[in-house]
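Predicted, not measured: the structure shown is a model, and the values here were computed from it. The figures that follow rest on heavy atoms only: side chains count, while hydrogens, waters and symmetry mates do not.
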Amino acid sequence: MALLIPVLTGLLVASVTVLRAPSAAAAAPLTVAQAISSQSGTGTVVGYIVGEPTATDTVRFSSFIGDTALAIADSAAETSTSRMLYVQITSSYRSAFGLAGNPSNVGRALTVTGTLTAYFSHAGLKSPTAMTFGGTATTSPTATAGPTASSTTDTYYAAALGKSGSSLKSALHTIVSTGVTTISYDAVWNALKVTDQDPANSANVILLYSGISRSKTLNGGATGNWNREHVWPQSHGDFGTANGPGTDLHHLRPEDVTINALRGNKDFDTGGSAVSGATGNYTDADSWEPRAAIKGDVARMVFYMAVRYEGGDSWANLELNNSTANGSNPYLGKRSTLLAWHTQDPPTAAERTRNQVIYASYQHNRNPFIDHPEWAASIFG
């Protein structure tokens with residue numbers, strides 16, 4: 001019995017919330033709003049990673065400087081610090097959860113258990129005893145699920161809900177064109193290093209067509225470098241690289257210089273010869289077929305461009321058609337093929353995370369066809 005006492009004492013310390021009155025840690029997980037309103041005891045909280053807190057009313061949404069704190073919220077799109085919980089990241093969790101080392105964690109669901117107490121003189125959670133990705137917040141969609149009519153992203157899309165066809169397209173155009181921040185073409189370099197960071201190697205980016213992981217430092221115009229691929233070619237509307245469609249992150253992706261040149265300004269369709277250096281891609285005289293894993297991504301990028309740029313802001317009216325011989329016209333095809341790719345390759349968690357990062361940290365607008373895949377058929381079908 002004497003030998004068991006130290007063991008039992010350790011168990012009592014580790015399990016005090018079980019042996020005493022039930023606490024937040026033993027109860028159902030709290031939402032962020034609930035955790036903010038009940039700053040006492042221990043609790044398990046589910047929310048979405050939105051940024052890095054650096055002061056009571058300051059949260060960084062990009063260009064993170066440390067791995068010691070997270071801001072989480074009930075909505076992955078939250079920007080108000082009053083609706084965020086500041087979470088301390090202790091040393092054992094920093095390599096996996098710190099945003100300086102893992103900026104692509106923004107937008108991911110997080111389940112964390114710890115002491116509900118002020119952090120940075122703000123509602124917070126300190127001394128975490130468990131941190132895991134995943135979980136379902138009761139007021140938001142999960143990180144891997146598409147929005148539904150009750151999702152918090154539908155606050156953003158409120159004016160479009162219930163519409164279809166041309167009315168839906170018009171409503172979405174207004175939504176994704178309102179309150180937008182444009183960036184310079186030079187700024188695109190650094191933005192792509194965040195939006196397309198390799199989740200397995202924070203020093204690299206993932207190239208779009210080839211799928212290769214390449215050092216962030218190898219950006220430029222030389223052979224072996226990666227550069228800025230316009231998924232909607234600049235020449236299809238002659239929009240160049242001035243702030244606007246030419247710098248819109250929703251269709252700009254890193255790609256190998258040689259592969260980018262091979263794609264050129266070709267429309268999208270199936271068939272052709274295999275592309276050397278980019279396994280799974282095919283091309284012929286007037287079309288390009290990307291690898292299977294990104295076919296839907298490509299389709300949703302051009303769907304967005306055709307909704308965002310309608311000719312009312314000095315740029316060309318970009319439209320999809322069923323041709324692969326569009327030349328310098330402000331059209332891109334092949335619409336029927338792109339719709340098929342969109343269905344075959346639905347949005348992934350990585351695609352949703354990228355959409356959220358662009359919204360929260362750069363342009364402050366979203367790609368509707370990632371959030372609501374069903375809208376593509378209504379507009380372009």
Side-chain angles (χ1 to χ4, degrees), residues 144-149 153 157 160-173 175-177 208-209 211 229-233 236-237 245 248 250-253 263-272 275 280-311 316-327 329-352 354-355 358 365-381:
T144 58
T148 65
T153 51
Y157 295 116
L161 300 179
K163 293 182 169 63
S164 61
S166 59
S167 295
L168 175 60
K169 185 180 182 185
S170 177
L172 290 177
H173 168 72
I175 291 168
V176 303
S177 304
L208 178 66
Y209 299 127
E229 155 71 343
H230 291 77
V231 177
W232 188 295
H236 289 236
D248 196 316
H250 283 298
H251 86 117
L252 285 165
R253 302 295 290 265
R263 190 270 162 128
N265 70 345
K266 295 175 181 177
D267 292 85
F268 293 105
D269 199 8
T270 56
V275 177
N281 294 257
Y282 299 87
T283 190
D284 56 24
D286 60 5
S287 72
W288 183 271
E289 179 182 354
R291 58 192 175 98
I294 60 155
K295 283 180 174 176
D297 306 53
V298 165
R300 287 179 283 277
M301 283 186 269
V302 299
F303 293 163
Y304 160 85
M305 292 292 284
V307 167
R308 169 68 178 89
Y309 299 99
E310 292 280 73
N317 179 12
L318 306 183
E319 295 291 348
L320 296 178
N321 65 14
N322 229 29
S323 172
T324 56
N326 285 303
N329 294 310
Y331 310 128
L332 192 65
K334 191 174 181 181
R335 185 179 61 240
S336 58
T337 300
L338 290 162
L339 281 167
W341 290 350
H342 169 66
T343 301
Q344 293 164 10
D345 175 35
T348 62
E351 202 176 345
R352 292 190 181 92
R354 188 178 196 273
N355 193 27
I358 293 172
N365 71 343
R366 306 181 69 83
N367 182 332
F369 304 101
I370 296 173
D371 293 326
H372 280 270
E374 71 277 9
W375 282 344
S378 178
I379 295 173
F380 300 109

Enquirer: Only one of T337, L320, L338 forms a side-chain contact (heavy atoms from CB on, under 4.5 Å) with F268, so which one is it?
Expert: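 Checked T337, L320, L338 against F268; only one passes side-chain contact (heavy atoms from CB on, under 4.5 Å): L338.
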Enquirer: Do the side chain of D286 and the main chain of A325 share a donor and acceptor less than 3.5 angstrom apart?
Expert: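 Flag not set: sc D286 to bb A325 has no pair under 3.5 Å.
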Enquirer: What residues, two or more places apart in sequence or in another chain, satisfy side chain to side chain contact (heavy atoms under 4.5 Å, CB included) together with S164?
Expert: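 Only S378 meet the side chain to side chain contact (heavy atoms under 4.5 Å, CB included) criterion with S164.
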Enquirer: Looking at residues at least two apart in the chain, or sitting in another chain, which of them share a side chain to side chain contact (heavy atoms under 4.5 Å, CB included) with K163?
Expert: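 Per chain and number, K163 pairs via side chain to side chain contact (heavy atoms under 4.5 Å, CB included) with S167, L168, A171.
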Enquirer: Who passes side chain to side chain donor-acceptor pair (under 3.5 Å) against D248, sequence neighbours left out?
Expert: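 So D248 forms a side chain to side chain donor-acceptor pair (under 3.5 Å) with Y304, Y309, Q363.
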Enquirer: For R291 and Y209, indicate whether the former's side chain and the latter's backbone hold a donor-acceptor pair under 3.5 Å.
Expert: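 Here the side-chain-to-backbone pair exists.
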Enquirer: Could you tell me which residues satisfy side chain to side chain donor-acceptor pair (under 3.5 Å) with S336, sequence neighbours excluded, listed by chain and number?
Expert: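 Testing S336 for side chain to side chain donor-acceptor pair (under 3.5 Å), a comparison that skips the adjacent residues, returns N322.
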Enquirer: Only counting residues at least two apart or in another chain, list the ones meeting ring-ring contact (aromatic ring centres under 6.0 Å, His included) with F369.
Expert: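 F369 satisfies ring-ring contact (aromatic ring centres under 6.0 Å, His included) with F303, F380 only.
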Enquirer: Please identify each residue that fulfils ring-ring contact (aromatic ring centres under 6.0 Å, His included) with W341, with sequence neighbours left out.
Expert: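 W341: no ring-ring contact (aromatic ring centres under 6.0 Å, His included) contacts found.
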Enquirer: Taking only residues two or more places apart in sequence, or in another chain, which ones meet R335 in a salt bridge (Lys or Arg N to Asp or Glu O under 4.0 Å)?
Expert: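 Result, salt bridge (Lys or Arg N to Asp or Glu O under 4.0 Å) vs R335: none returned.
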Enquirer: Below 4.5 Å, heavy atoms only, C-beta onward: do W288 and N281 meet side chain to side chain?
Expert: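 When only atoms from C-beta onward are counted, N281 and W288 do touch, with a gap below 4.5 Å.
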Enquirer: May I ask you to check whether D267 and N326 show a side-chain donor-acceptor distance below 3.5 Å?
Expert: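 The criterion, which ignores hydrogens and geometry beyond distance, is satisfied for N326 and D267.
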Enquirer: Rounded to the nearest 0.5 Å, what's the gap from CG on L318 to CE on M305? Could you check?
Expert: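 Here the rounded value is 5.5 Å.
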Enquirer: Could you tell me which residues satisfy side chain to side chain donor-acceptor pair (under 3.5 Å) with R308, sequence neighbours excluded, listed by chain and number?
Expert: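 Per chain and number, R308 pairs via side chain to side chain donor-acceptor pair (under 3.5 Å) with S177, D313.
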Enquirer: For G381 and L339, work out which heavy atoms get closest and say how close.
Expert: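 Where G381 meets L339 most closely, the heavy atoms are CA-CD1, 3.8 Å.
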Enquirer: For residues V302 and W232, report the shortest heavy-atom separation together with the two atoms involved.
Expert: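 Taking every non-hydrogen atom into account, O-CZ3, 3.7 Å.
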Enquirer: Using modelled atom types only, decide if a donor and an acceptor are shared between the side chain of H251 and the backbone of H230 within a distance under 3.5 Å.
Expert: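 Judged by distance alone, no pair lies under 3.5 Å.
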Enquirer: Does the H342 side chain pair with the main chain of P373, one donor and one acceptor, at a distance under 3.5 Å?
Expert: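 Checking the backbone N and O of P373 against the side chain of H342, a donor-acceptor pair under 3.5 Å is found.
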Enquirer: Of all residues at least two apart in sequence or in a different chain, which pass the side chain to side chain contact (heavy atoms under 4.5 Å, CB included) check with P233?
Expert: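 Partners of P233 by the side chain to side chain contact (heavy atoms under 4.5 Å, CB included) criterion, ordered by chain and then number, come out as S235, H236, R263, N265, L332.
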Enquirer: List for me each residue that meets side chain to side chain donor-acceptor pair (under 3.5 Å) alongside K334, sequence neighbours excluded, and say none if there are none.
Expert: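 With neighbours one apart ignored, the set is empty.
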Enquirer: Taking only residues two or more places apart in sequence, or in another chain, which ones meet S287 in a side chain to side chain contact (heavy atoms under 4.5 Å, CB included)?
Expert: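 By the side chain to side chain contact (heavy atoms under 4.5 Å, CB included) rule, S287 matches D269, D284, T324.
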Enquirer: Given side chain to side chain contact (heavy atoms under 4.5 Å, CB included), test L208 with I294 step by step and report yes or no.
Expert: CA-CA 8 Å; L208 178 66; I294 60 155; 3.7 Å; yes
Enquirer: Pairs in or reaching into residues 342-351: which pass salt bridge (charged side-chain N to carboxylate O under 4.0 Å, His left out), with residues at least two apart or in two chains?
Expert: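 Non-adjacent pairs meeting salt bridge (charged side-chain N to carboxylate O under 4.0 Å, His left out): R300-E351.
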Enquirer: Working to the nearest 0.5 Å, report the span between CH2 of W375 and CD1 of I370.
Expert: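 Spacing of CH2 (W375) from CD1 (I370) equals 12.5 Å.
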Enquirer: Is there a side chain to side chain contact (heavy atoms under 4.5 Å, CB included) between H250 and V231? Walk through the geometry before answering.
Expert: CA-CA 9 Å; H250 283 298; V231 177; over 6 Å; no
Enquirer: Kindly say whether G271 contributes a backbone atom to a donor-acceptor pair with the side chain of E289 at under 3.5 angstrom?
Expert: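 Answer holds: yes.
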Enquirer: Can you measure from CG (L172) to CG (N367) and round to the nearest 0.5 angstrom?
Expert: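 It comes to 10.0 Å.
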Enquirer: Please tell me if the side chains of P368 and Y157 come closer than 4.5 Å, counting only heavy atoms from C-beta onward.
Expert: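 Sidechains of Y157 and P368: in contact.
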Enquirer: Less than 4.5 Å apart, side chain to side chain, heavy atoms only: is that true for R366 and V176?
Expert: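 Contact flag for R366/V176 side chains = no.
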Enquirer: For E319 and K169, work out which heavy atoms get closest and say how close.
Expert: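 Where E319 meets K169 most closely, the heavy atoms are OE1-NZ, 2.9 Å.
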